[in-house]
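In what follows, chains are A, B, ... by sequence order, proteins preceding strands, each numbered from 1. Since the structure is predicted, the reported quantities are computational estimates derived from the model, not experimental observations.
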2 protein chains.
Amino acid sequence: MTTEPETEPKTTEPGTGYRLPLLLLAGFRELIEALHLELGARGHPDLRPAHGFALQAIGGAGGGLAAADLATRLGVTKQAAGKTLETLAGLGYISLTVDPSDARRRTATLTARGRAALSHSAAIFDRLGAQWADRVGEQAVAALERTLAELTGPVTLRTDSASWLGGQ
Amino acid sequence: MTTEPETEPKTTEPGTGYRLPLLLLAGFRELIEALHLELGARGHPDLRPAHGFALQAIGGAGGGLAAADLATRLGVTKQAAGKTLETLAGLGYISLTVDPSDARRRTATLTARGRAALSHSAAIFDRLGAQWADRVGEQAVAALERTLAELTGPVTLRTDSASWLGGQ
DNA sequence: CCATATAGACAACCTGGTTGTCTATATGGT
DNA sequence: ACCATATAGACAACCAGGTTGTCTATATGG
């Protein structure tokens, strides 16, 4: 299809297909590691990537989020979501209050610290993206994002990554 | 969905930096899930992503690989690498033999089944890459790969992903 | 020939998932 | 109003795949 000169590496060249997933993973982990390095230096050393996903989900929800809702958003069981909420509450990133309209639900809302962590994260991600743009050009990063968005559909927060990478 | 008719979409637009890591992860997991779905259907249902990384490392090594070598390549402790080898041997993908030149070492070599799994994987990855190329154009996928390669450096097989995603 | 390094087994532990079971609360049909 | 059913989430047991720490056996080099 491409009539470009042979400077273009062929992605469909047989036997090289394994590189793409590794590159995607490498890019992801580079960003995430840089984020948490920076977050650690900024007073959030105990925040783990999984926590970030959960915080994002909680912050993204309008009011507050209960364990079952979080479970749905993250793609894990409600027990797992409940543990995560417990941890985040223990670290001071969220507060858990009983839903006045439903005594079974404990809704999670971000604390000031939680909001600070989220806004720090956003700023850091922006900066990391800008650094990438500096290195390979803004267009290349924009194309990267555009292509991936087209291929993977709407962004999701599924966090069962750890489990499907490893067990079961 | 461009909010502005600019020729150059801004990746550095504030507050959108979080999308890039999510897209990278989504792309990775899409490929890996598709791979293991297909591998499962082709007679390798018990092969996990982590196993694939290890098999790749073992197959990529010239002769055989011992636990300590695998540990180095995967970026995990030798105990973890040893467990992985034990599992892979139990599943019939590798055979472990005592190194004749060093009685301490148990070197892992691929069995026929292991080689089959690797070549299936390679074929499937190639096909998945071709499918992506069909969807967004070969140039876009090539650009994706080129940009990521430039940003992340040489491809690595580090498999401690599960752990840095979650614990530690 | 011994001092030191290395391979890897074993055990205890941690994290973050899982399933299964249980109680408390909501909710809707009769 | 009442009961059947569904739902929220706690609790416990378990599992996978890492970790650290310790131990033994084997190599290796001064």
Side-chain angles (χ1 to χ4, degrees), chain A residues 29 36 45-55 57-58 61 63-91 94 96-108 157-168, chain B residues 29 36 46-55 57-58 61 64-91 94 96-108 157-168:
Chain A
R29 66 184 302 158
H36 284 275
D46 36 19
L47 210 50
R48 307 270 75 227
H51 300 157
F53 283 64
L55 279 187
I58 296 164
L65 215 57
D69 309 329
L70 182 63
T72 308
R73 300 212 184 195
L74 296 185
V76 298
T77 57
K78 56 183 183 175
Q79 288 86 342
K83 285 187 193 180
T84 301
L85 288 183
E86 206 60 48
T87 304
L88 283 175
L91 293 174
I94 62 172
L96 293 168
T97 55
V98 171
D99 186 330
S101 80
D102 187 337
R104 295 170 303 176
R105 299 169 69 90
R106 292 170 67 209
T107 47
L157 278 171
R158 279 176 66 196
T159 196
D160 50 344
S161 313
S163 57
W164 61 255
L165 257 179
Q168 159 61 322
Chain B
R29 66 184 302 158
H36 284 277
D46 37 19
L47 211 49
R48 309 270 74 228
H51 300 156
F53 282 65
L55 278 187
I58 296 165
L65 214 59
D69 310 329
L70 183 64
T72 309
R73 300 213 185 193
L74 296 185
V76 298
T77 57
K78 55 184 183 173
Q79 287 87 342
K83 285 187 194 181
T84 301
L85 288 182
E86 207 60 48
T87 303
L88 283 175
L91 294 175
I94 62 173
L96 293 168
T97 54
V98 172
D99 187 329
S101 79
D102 187 336
R104 293 170 305 178
R105 298 170 69 91
R106 290 170 69 208
T107 47
L157 278 171
R158 278 175 66 195
T159 196
D160 50 343
S161 313
S163 57
W164 62 255
L165 257 178
Q168 149 69 354

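Pairing for dG30(D) is with dC1(C), a Watson-Crick or G-U wobble pair whose two hydrogen-bonding atom distances lie under 3.5 Å. Taking a pair to require two hydrogen-bonding distances under 3.5 Å in either a Watson-Crick or a G-U wobble arrangement, dA1(D) pairs with dT30(C). The partner of dC22(C), taking Watson-Crick or G-U wobble pairs whose two distances both stay under 3.5 Å, is dG9(D).
One interatomic measurement links the two molecules: CZ of R48(B) to P of dG17(C), which rounds to 16 Å at whole-angstrom precision. When the P atom of dA10(D) is taken as reference, atom CZ of R105(A) falls 12 Å away, rounded to whole Å. Separating the CG atom of L85(B) from the C1' atom of dA9(C) is a distance of 13 Å, rounded to the nearest angstrom. Here dC14(C) presents its P atom at 18 Å from CG of D46(A), a figure rounded to the nearest Å. Rounded to an integer number of Å, the gap from F53(A) CZ to dG17(C) C1' is 15 Å. In this structure, the CG atom of L70(B) is 10 Å from the P atom of dG18(D), given to the nearest Å. Between the CD atom of E86(A) and the C1' atom of dA10(D) there is a distance of 10 Å, given to the nearest Å.
At least one side-chain heavy atom of R73(A) sits under 4.5 Å from a side-chain heavy atom of L65(A).
Closest approach of E86(A) and R106(A) over heavy atoms only: OE1-NH1, 3.6 Å. For L88(B) against H51(B), the heavy-atom pair with the smallest separation is CD2-CB, 3.7 Å.
Here the NZ atom belonging to K78(A) is positioned 13.5 Å from the CG atom belonging to L70(A), to the nearest 0.5 angstrom.
Checking the phosphate oxygens (OP1, OP2) of dG18(D), no side-chain nitrogen or oxygen of T77(B) falls inside 4.0 Å.
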| request: May I have the step-by-step check of side-chain contact (heavy atoms from CB on, under 4.5 Å) for L85(A) and I58(A), ending in yes or no? | output: CA-CA 10 Å; L85(A) 288 183; I58(A) 296 164; 3.8 Å; yes

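When distances run from any side-chain atom of R104(B) to the nucleotides dA27(D), dA26(C), dT19(C), the shortest one goes to dA27(D). Among the nucleotides dG16(C), dA10(D), dG17(C), the one closest to any side-chain atom of V76(A) is dG17(C). Comparing atom distances between the R106(B) side chain and each of dA9(C), dA26(C), dT18(C) picks out dA9(C) as nearest.
Two residues, T84(B) and K78(A), neighbour DNA chain D, and the one matched to the more 5' nucleotide by heavy-atom proximity is K78(A). When the nearest nucleotides of DNA chain D are assigned to K83(A) and D102(A) by heavy-atom distance, the more 5′-ward of the two goes with D102(A).
A donor-acceptor contact under 3.5 angstrom links the side-chain atoms of Q79(A) to the base of dG20(C).
A67(A) comes within 4.0 angstrom of the backbone, heavy atoms only, and of no base.
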